[in-house]
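Just below is one structure, and these are the notes that go with it.
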Amino acid sequence: MNKLQLQGIGMTSQRTRGRLVERLKEQGITGQQVLDVMGNTPRHIFIDEALSHRAYEDTALPIGFNQTISQPYIVARMTEILLAGGPLERVLEVGTGSGYQTTILAQLVDKVFSVERIKPLQEKARQRFSLLKIHNVSLRHSDGGMGWADRGPFDGIMVTAAPEQVPPELLAQMSVGGRLVIPVGGTQNQQLKLVIRVTETEYETTVLEGVKFVPLLSGTIR
Ligand code: SAH
């Protein structure tokens, strides 16, 4: 990929990204840092070329294996909520997928640990990080419902696939004061939740809004 392709032209240009940022503002995204990073990150490289002209529509798009790259609004919203308590050092992401949300996070926190259960998606994401010179991301191929205990505790955890219940392993891997942003529920009725670990034993949960994510599945695919 040459520099022009990376930067984007026409439907993938900086101007098109600018329009996306305007739309995000209209929808209530206020964090300037988040808006800046989303305005500067080429989402079109996270999508198959056949669909890249749609990269800056505010919509989820297929990335293969029955999975989707998340809608820009929800990426912005979840990032903003995760960061609302102050700067984060260690963030766990469950569901690397295309790597787009990972790339946004990596520009806003010190270090991202991202887990994906589908190996080919993880490998594609890895190539994109190297293309974009993102060096503060560690990847693991495993069932992210288990978290990544060796690398915890985390002061932020973001889950981009929906379990029926919040996995207890993730709660256990939060640091005190840590924040977890997670969609919870079945295919018909999901809610985005923020869980804060207030003390060693107390967690505070806030329900934020209705959302629609692919399900968090167990096991891995080679
Ligand atoms: N943030 C990604 C979202 C991808 S969709 C993006 O914007 O591209 C959700 C991803 O979660 C899929 O890639 C899916 O394979 C992954 N996933 C689902 N269950 C998982 C699990 N238990 N562990 C790790 N990843 C999981």
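Every value quoted in this text rests on a predicted model; they were computed, and no experiment measured them. The analysis underlying the following values was restricted to heavy atoms, covering all of them including side chains, and did not include hydrogens, waters or symmetry mates.
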Regarding Arg126 and Glu123, does a basic nitrogen lie under 4.0 Å from an acidic carboxylate oxygen?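 Salt bridge present between Arg126 and Glu123.
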
So that I can tick it off, tell me whether Glu116 and Lys119 are bridged by a salt bridge, with the cut-off set at under 4.0 angstrom between side-chain N and carboxylate O. no

Spacing of [X] atom [atom1] and [Y] atom [atom2] [to the nearest 0.5 Å]:
{"X": "Thr41", "Y": "Ile134", "atom1": "OG1", "atom2": "CD1", "answer": "7.0 Å"}
{"X": "Leu108", "Y": "Met38", "atom1": "CG", "atom2": "CE", "answer": "10.5 Å"}
{"X": "Thr187", "Y": "Lys212", "atom1": "OG1", "atom2": "NZ", "answer": "6.5 Å"}
{"X": "Arg179", "Y": "Glu204", "atom1": "CZ", "atom2": "CD", "answer": "10.0 Å"}
{"X": "Arg117", "Y": "Ser218", "atom1": "CZ", "atom2": "OG", "answer": "7.0 Å"}
{"X": "Gln173", "Y": "Leu180", "atom1": "CD", "atom2": "CG", "answer": "11.0 Å"}

When you look at CD of Gln5, are more than 12 heavy atoms from neighbouring residues, nucleotides or ligands closer to it than 6.0 Å? yes

Within one Ile-Leu-Val-Met-Phe-Trp-Tyr cluster: [X] and [Y], side-chain cutoff 4.5 Å:
{"X": "Ile45", "Y": "Leu61", "value": "yes"}
{"X": "Phe154", "Y": "Val181", "value": "no"}
{"X": "Val75", "Y": "Tyr56", "value": "yes"}
{"X": "Leu170", "Y": "Val112", "value": "no"}
{"X": "Ile118", "Y": "Val115", "value": "no"}

So, the side chain of [X] versus the backbone of [Y]: is there a donor-acceptor pair under 3.5 Å, distance only?
{"X": "Thr160", "Y": "Val94", "result": "yes"}
{"X": "Asp110", "Y": "Arg90", "result": "no"}
{"X": "Glu169", "Y": "Pro167", "result": "no"}
{"X": "His141", "Y": "Ile221", "result": "yes"}
{"X": "Arg43", "Y": "Ala55", "result": "yes"}

Closest heavy-atom contact between [X] and [Y]?
{"X": "Asp143", "Y": "Gly219", "answer": "OD2-N, 3.3 Å"}
{"X": "Leu131", "Y": "Met1", "answer": "CD2-SD, 3.9 Å"}
{"X": "Pro183", "Y": "Leu192", "answer": "N-CD1, 3.9 Å"}
{"X": "Leu132", "Y": "Pro42", "answer": "CD2-CG, 3.8 Å"}
{"X": "Tyr203", "Y": "Ala172", "answer": "OH-N, 4.1 Å"}
{"X": "Gly97", "Y": "Ala125", "answer": "O-CB, 3.9 Å"}

How is the hydrophobic cluster of Leu4 composed, in terms of its other members, when Ile, Leu, Val, Met, Phe, Trp and Tyr link through side-chain heavy atoms under 4.5 Å apart, directly or indirectly?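 Ile9, listed by chain and number.
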
Answer yes or no: is there a side-chain heavy-atom contact under 4.5 Å between Gln14 and Asn40?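 Yes - at least one pair of side-chain heavy atoms lies under 4.5 Å apart.
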
Decide yes or no for Leu92 and Arg151: does some side-chain heavy atom of the first lie under 4.5 Å from some side-chain heavy atom of the second?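 In short, these two side chains do not touch, never coming nearer than 4.5 Å.
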
Apply side-chain hydrogen bond (donor to acceptor under 3.5 Å, both in side chains) to residues Thr79 and Gln101 and explain how you reach the verdict. CA-CA 8 Å; Thr79 306; Gln101 171 77 75; 2.9 Å; yes

Using the test ring-ring contact (aromatic ring centres under 6.0 Å, His included), find all partners of Phe46 that sit at least two apart in sequence or belong to another chain. Tyr100

Validation: residues 25-35 side-chain donor-acceptor distances under 3.5 Å, sequence neighbours left out:
unit_1: Gln27; atom_1: NE2; unit_2: Arg23; atom_2: O; d: 3.3
unit_1: Gln27; atom_1: NE2; unit_2: Asp58; atom_2: OD2; d: 3.0
unit_1: Gln32; atom_1: NE2; unit_2: Asp36; atom_2: OD1; d: 2.9

Using the side-chain contact (heavy atoms from CB on, under 4.5 Å) rule, pick out the option among Ile182, Thr205, Val159 that qualifies with Val166. Ile182

